[in-house]
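First up is the structure itself, then whatever we jot down about it.
Indexing begins at 1, ligand by ligand and atom by atom, following the structure's order. The chain is numbered in sequence order, starting from 1. Small disclaimer: the values here were computed from a predicted structure and weren't measured.
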Amino acid sequence: MTIIHNPKWWKEATIYQIYPASFKDSNNDGWGDLAGITSKLDYIKELGVDAIWVCPFYDSPQEDMGYDIANYEKVWPRYGTSEDCFQMIEESHKRGIKVIVDLVINHCSEEHEWFKESRSSKTNAKRDWFFWKPPKGYEIDGTPIPPNNWRSFFGGSAWKYDENTEEFFLHVFAPGQPDFNWENKECRQAIYDSSVGFWLRHNVDGFRIDVGSMYSKVEGLPDASITDPTVPYQDGTDFFVNGPRIHEYHKEMRQYMYTQIPEGKEIMTVGEVGIGNEKDFKDYTSSKEEEFNMMFNFKHTSVGESPEFKYELIPFTLKDFKLALAESFLFIEGTDCWSTIYLENHDQPRSVSRFGSDSPEWREISSKMLATLIISLTGTVFIYQGQELGMPNFKNRKIEQIKCVEGTGTYGAIKRDYGEDSEKMKKFYEALALISRDHGRTPFLGVVKSPTLVFPRMRNHGSILMNHL
Ligand code: ISL
């Protein structure tokens, strides 16, 4: 019997995620930067890492820590210059480390030139690059009513009113993150050329594709059904997660990528899918479909969160966690798909606090147990800066100290809809203490008193299903 092997570097890889703001500050201005990352490449190499995924470092007003991009082709000045970035890429390659960058193209920033043009008039050539709609009607006091009842992931309506043209634009995330209208072909081409092409032409090895399941919205943007009558805005994800044209878009983008790289070079992509069914996962990651190489599933990082509302904790068992984690990789068995394994990223709390114990007695052994778990499962391992040291959650942070827009936005919405002293707010505080996105964003090393490497050497972890065919 002949076994045909088609090994791919990314199937056996360990990928190390870096959050530029809090990794390494090279010039003492209080923010991490790209030169800081470059200065730590030897440390990263020593860990046995094959590739780094660097979170957004592009020009941005930072409403959502760089996931609101004003210019895909420019580095945010606090993070350094384009030259610093090209150097980070070159120095990584010299050490045999590949570089994956974040591709945030479901939306951009209100500060992006394309959006500024689009908002300038109803007849602007780029008007249709975003979702603009007139009010559904007006309240008695004249307040315009949003075109549909979708809620934003970060609290409140998913629509923002623009006085200039008296229409609303859609933002499923923060108000400063207008969603692109992917139905518009010219818009798609501009996105590819600026955000994908520019960085491939500057030698990156692949992309982590932000909210890669949300570009295709159901035509007409219908109202969501009312699942929570106590609040004005409802969960609209049925109308934009894994939507009707999503696979067509990813195939088109992948084809574009091939036009931008030299013959023989391989690009690696990992899509943030989040939720879906087995068919969705297979469609995204089957190698013959040519969309993503692999994807992130949120099932296991969401255990213990109420399905109706993330910031309401519910009990869960070890079995729930194991079954949820298995959803990340079981679907690939007998297929040409591939998967990822992760416990942490910049949207998640520290895994030792979330799934183990971060008490002084147990922190190290607990972190080692979780490290052993993920390196022994199938799929490409992603670890997040500081996870290798068992960094824990911060303690006792007050609401005024929360920086993340999901935390502040949700706080504002609860305060408006239920009040400061409500039961809902009490539960929100409890949840924030465990799962705030800020837990993973504190300075690298900051809270670890006695750093010890908790990961076994990461390269060449075992693969149970061996999917090289
Ligand atoms: O963690 C989440 C799921 O409950 C959400 O916080 C998160 O917004 C979602 O996973 C999408 O995340 C990505 O896109 C967001 C950005 O805020 C996140 O940091 C990013 O990872 C909008 O670009």
> Does ligand 1 have any atom that is closer than 4.0 Å to a heavy atom of Glu63?
Replying inline: no

> Considering only the protein, which heavy-atom contact is closest to atom 19 (O) of ligand 1, and what is its distance?
Replying inline: Asp347 OD1, 2.7 Å

> Would Asp102 and Tyr67 count as having a side-chain donor-acceptor pair, cut-off 3.5 Å?
Replying inline: yes

>> Need the ligand 1 atom indices (1-based, order shown) with element for anything under 4.0 Å from a heavy-atom of Asp64.
In response: 15 (C), 16 (C), 17 (O), 22 (C), 23 (O)

>> I need the nearest protein heavy-atom contact for atom 8 (O) of ligand 1: residue, atom name and distance, please.
In response: Arg437 NH1, 3.2 Å

>> I need the contact type for Tyr19 against ligand 1. Using non-hydrogen atoms and a strict under-4.0 Å cut-off, is it side chain, backbone, both or neither?
In response: neither

> Is it the case that Tyr342 and Gln348 place a side-chain donor and acceptor less than 3.5 Å from each other?
Replying inline: no

> Is the backbone N or O of Cys404 less than 3.5 Å from a side-chain atom of Asp438, with the two atoms forming a donor-acceptor pair by type?
Replying inline: yes

>> So that I can tick it off, tell me whether Arg208 and Asp210 are bridged by a salt bridge, with the cut-off set at under 4.0 angstrom between side-chain N and carboxylate O.
In response: yes

> For residues Ser436 and Arg397, is any side-chain donor paired with an opposing acceptor at under 3.5 Å?
Replying inline: no

> In the protein, what heavy atom is nearest to atom 5 (C) of ligand 1, and what distance, to one decimal place, separates them?
Replying inline: Glu406 OE1, 3.3 Å

> For residues Ser328 and Asn297, is any side-chain donor paired with an opposing acceptor at under 3.5 Å?
Replying inline: no

>> Assess whether a salt bridge exists between Arg354 and Glu305, defined as any Lys/Arg side-chain N lying under 4.0 Å from an Asp/Glu carboxylate O.
In response: yes

> What do we get for Phe298 next to ligand 1 when only non-hydrogen atoms under 4.0 Å count, side chain, backbone, both or neither?
Replying inline: side chain

> With a 4.0 Å heavy-atom cut-off (strictly under), which part of His171 contacts ligand 1: side chain, backbone, both or neither?
Replying inline: neither

> Can you name the one residue among Tyr161, Phe168, Phe115, Trp159 that meets ring pair (Phe, Tyr, Trp, His ring centres under 6.0 Å) with Trp132?
Replying inline: Phe115

>> Among all protein heavy atoms in this structure, tell me which lies nearest to atom 9 (C) of ligand 1, with the distance rounded to 0.1 Å.
In response: Glu272 OE2, 3.9 Å

> Taking atom types as modelled, is there a side-chain donor on Tyr284 or Asn242 under 3.5 Å from an acceptor on the other?
Replying inline: yes

>> Which of the numbered atoms in ligand 1 are under 4.0 angstrom from any heavy atom belonging to Val211?
In response: 11 (C), 14 (O)

> Which atoms of ligand 1 are found less than 4.0 Å from any heavy atom of Lys310?
Replying inline: 1 (O), 2 (C), 4 (O), 6 (O)

> Heavy atoms only: which of Thr410, Val273, Asp210 is nearest to atom 13 (C) of ligand 1?
Replying inline: Asp210

>> As an exercise, identify every atom of ligand 1 less than 4.0 angstrom from a heavy atom of His107.
In response: 22 (C), 23 (O)

> Would you say the side chain of Phe321 lies within less than 4.5 Å of the side chain of Phe355, judging by non-hydrogen atoms?
Replying inline: yes

> Is Arg441 touching ligand 1 with its side chain, its backbone, both, or neither, if touching means heavy atoms under 4.0 Å apart?
Replying inline: side chain

> Under 4.0 angstrom from ligand 1, any heavy atom of Phe173?
Replying inline: yes

